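Accompanying notes for the structure given below.
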Amino acid sequence: MPELPEVETVRLGLKKLLVGKQLDNIKHDWPKSFPNAVTDVENFAIGKNIINIRRRAKVLIIDLNSQYSFVIHLKMTGQMVFRSEAYNFGAGHPNDSLIGNLPDKSTRVDIAFTDGSHLFFNDQRKFGWMRLMPTTMIQELDFFKKVGPEPLSKTFTPAVLVERLNRRSRSAIKAVLLDQTVLAGIGNIYADESLWGAKIHPLTTVCDIPKNKLKTLHQEIQFVLKLAIEKGGSTDKNYVDAEGKKGSYMDFARVFRREGLSCPRCGTIILKIRAAGRGTHLCPKCQKLPR
DNA sequence: CACTTGACCTGTCCGC
DNA sequence: TGCGGACAGGTCAAGT
């Protein structure tokens with residue numbers, strides 16, 4: 001589910017809620033969701049304390065004071081939800097909460113802390129995973145070696161965007177924006193939203209995009225990601241933050257999931273096409289293919 | 001190589 | 001109401 005803004009929202013929530021807590025017990029029922037040896041969990045997690053929560057691309061990292069960390073990818077439907085007590089109802093926001101009692105049938109991992117609170121890793125589709133590993137080994141993972149720059153970092157200038165996109169200059173821009181080795185953290189929602197903002201058709205070949213539009217694209221990527229973090233991310237279906245609450249970016253979306261509605265800029269009916277194997281939304285008047 | 005498709009899973013929605 | 005198929009925010013591996 002989550003792209004950079006959703007993972008960042010979860011990170012901010014977990015950082016407030018989890019730092020300092022001591023692990024008491026871990027229950028898990030689906031090996032692919034938590035592929036760890038029992039001895040590693042006993043030696044490097046149980047009884048240890050959480051010291052920091054980080055994010056790189058769409059990956060969450062929970063550091064323990066044992067030189068080990070949980071590395072977490074939520075993929076399509078993963079959720080990390082904290083409860084001060086297990087088995088109670090959510091934060092008391094009936095309109096904002098998607099989930100009630102925990103654990104439930106989507107719970108893959110249940111981490112109990114010594115103060116009685118719990119962290120639940122829920123994942124309907126079981127694509128996501130969390131694994132315990134030595135903190136220093138994280139940077140050795142293939143994914144981390146290859147992943148591109150963070151689009152909200154100070155060093156991510158328009159020139160850096162151009163240089164990264166040119167690595168796949170003959171591919172369609174939508175596919176390139178989704179490529180995590182080009183840029184970190186952009187997924188289907190924010191790719192469509194930023195291309196609409198820059199008035200670029202998702203199937204445009206990178207080398208056919210004029211320089212000034214690439215500069216606009218750089219601005220739009222940062223604008224859309226920052227706005228989405230402000231709004232607590234996008235809840236299309238499953239996404240919730242660390243307290244189980246939905247994000248509200250979808251109320252601000254200009255094209256994503258708005259097929260058949262009118263373009264907020266020109267009023268033309270928004271289309272949904274297939275690009276890079278993904279549902280792709282665009283305004284056919286604002287976003288024309290160069291000819 | 002570069003791009004597309006299938007696989008990993010469960011759930012929901014739509015058409016017949 | 002039931003059933004089949006398409007589709008869903010991500011990433012790999014395999015195939016063309």
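Here is the naming used below: chain letters follow the sequence lines, and residue numbers restart at 1 for every chain. Remember, predicted model here, so these are calculated numbers, not experimental data.
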> Rounded to whole angstrom units, what separation is found between the CE atom of A/M76 and the C1' atom of B/dG11?
Replying inline: 12 Å
> Does A/D241 come within less than 4.0 Å of A/K246, counting only side-chain N to carboxylate O?
Replying inline: no
>> I'd like to check A/I221 versus A/L177 (side-chain heavy atoms, cut-off strictly below 4.5 Å). Are they in contact?
In response: yes
>> As a test of understanding, state which of A/R54, A/R11, A/R55 forms a salt bridge (Lys or Arg N to Asp or Glu O under 4.0 Å) with A/D63.
In response: A/R54
>> Please confirm whether the shortest side-chain N or O distance from A/K58 to OP1 or OP2 of C/dG10 is below 4.0 Å.
In response: yes
> So is A/K32 actually on top of A/W129's ring, under 6.0 Å and inside 45° of the axis?
Replying inline: no
>> Would the distance check show the side chain of A/N166 and the main-chain N or O of A/S169 forming a donor-acceptor pair, the cut-off being under 3.5 Å?
In response: no
> Nearest-Å distance, CZ (A/R278) to P (C/dT11)?
Replying inline: 9 Å
> Once you round it to whole Å, what is the distance between P of C/dT11 and CG of A/D179?
Replying inline: 10 Å
>> With rounding to the closest Å, how many angstrom separate the P atoms on C/dT11 and B/dT12?
In response: 24 Å
> Between A/L178 (CG) and B/dA2 (P), how many Å, whole number?
Replying inline: 17 Å
> What pairs with A/F127 under ring-ring contact (aromatic ring centres under 6.0 Å, His included), at least two apart in sequence or on another chain?
Replying inline: none
>> Taking B/dT5 as the reference, what is the distance to C/dA6 when you measure between their P atoms (whole Å, please)?
In response: 14 Å
>> Output the rounded distance in Å from CG (A/L177) to C1' (C/dG9).
In response: 15 Å
> Quick one: is C/dT11 close enough that its OP1 or OP2 comes under 4.0 Å of any side-chain N or O from A/Q180?
Replying inline: yes
Any N/O pairs under 3.5 Å between the protein and nucleotides 8-10 of chain B? List them or say none.
unit_1: B/dC8; atom_1: O3'; unit_2: A/K32; atom_2: NZ; d: 3.4
unit_1: B/dC9; atom_1: OP1; unit_2: A/K32; atom_2: NZ; d: 2.7
unit_1: B/dC9; atom_1: O4'; unit_2: A/R125; atom_2: O; d: 3.4
unit_1: B/dC9; atom_1: O2; unit_2: A/R125; atom_2: NE; d: 3.0
unit_1: B/dT10; atom_1: OP1; unit_2: A/K126; atom_2: NZ; d: 3.0
unit_1: B/dT10; atom_1: O4'; unit_2: A/Q124; atom_2: O; d: 3.4

>> Could you tell me how far apart A/Y239 (OH) and B/dG11 (P) are, to the nearest whole angstrom?
In response: 22 Å
> Are A/Y239 and A/Y249 an aromatic pair by the rule of ring centers under 6.0 Å?
Replying inline: no
> Using Watson-Crick and G-U wobble pairs whose two distances are both under 3.5 Å, how do you write the pairing of DNA chain B as dot-bracket, with | for links to another strand?
Replying inline: .|||||||.|||||||
>> Please confirm whether the shortest side-chain N or O distance from A/R168 to OP1 or OP2 of B/dA2 is below 4.0 Å.
In response: no
> On a whole-Å scale, what distance lies between the P atoms belonging to C/dA14 and B/dC9?
Replying inline: 16 Å
>> Please compare A/R167 and A/G277 by the position of their nearest nucleotide in DNA chain B and report the one closer to 5'.
In response: A/R167
>> Can you confirm whether more than 12 heavy atoms, excluding those of A/Q67, are under 6.0 Å from its CD atom?
In response: no
> Does OP1 or OP2 of B/dT5 have a side-chain N or O of A/R274 closer than 4.0 Å?
Replying inline: no
> Does a side-chain N or O from A/H73 land closer than 4.0 Å to OP1 or OP2 of C/dG10, or not?
Replying inline: no
>> Without decimals, in angstroms, what is the distance between A/K145 NZ and C/dT11 P?
In response: 19 Å
>> Students often get this wrong, so: under 4.0 angstrom with heavy atoms, is A/G279 touching a base, only sugar-phosphate, or nothing?
In response: sugar-phosphate
> C/dC12 P sits how many Å from A/W129 CH2, rounded?
Replying inline: 8 Å
>> Determine whether a donor-acceptor pair (N or O, by modelled atom type, separation under 3.5 Å) exists between the side chain of A/Q180 and the backbone of A/G148.
In response: no
> Can A/R258 be said to sit on top of A/W196's aromatic six-ring, NZ or CZ under 6.0 Å from centre and within 45° of the ring axis?
Replying inline: no
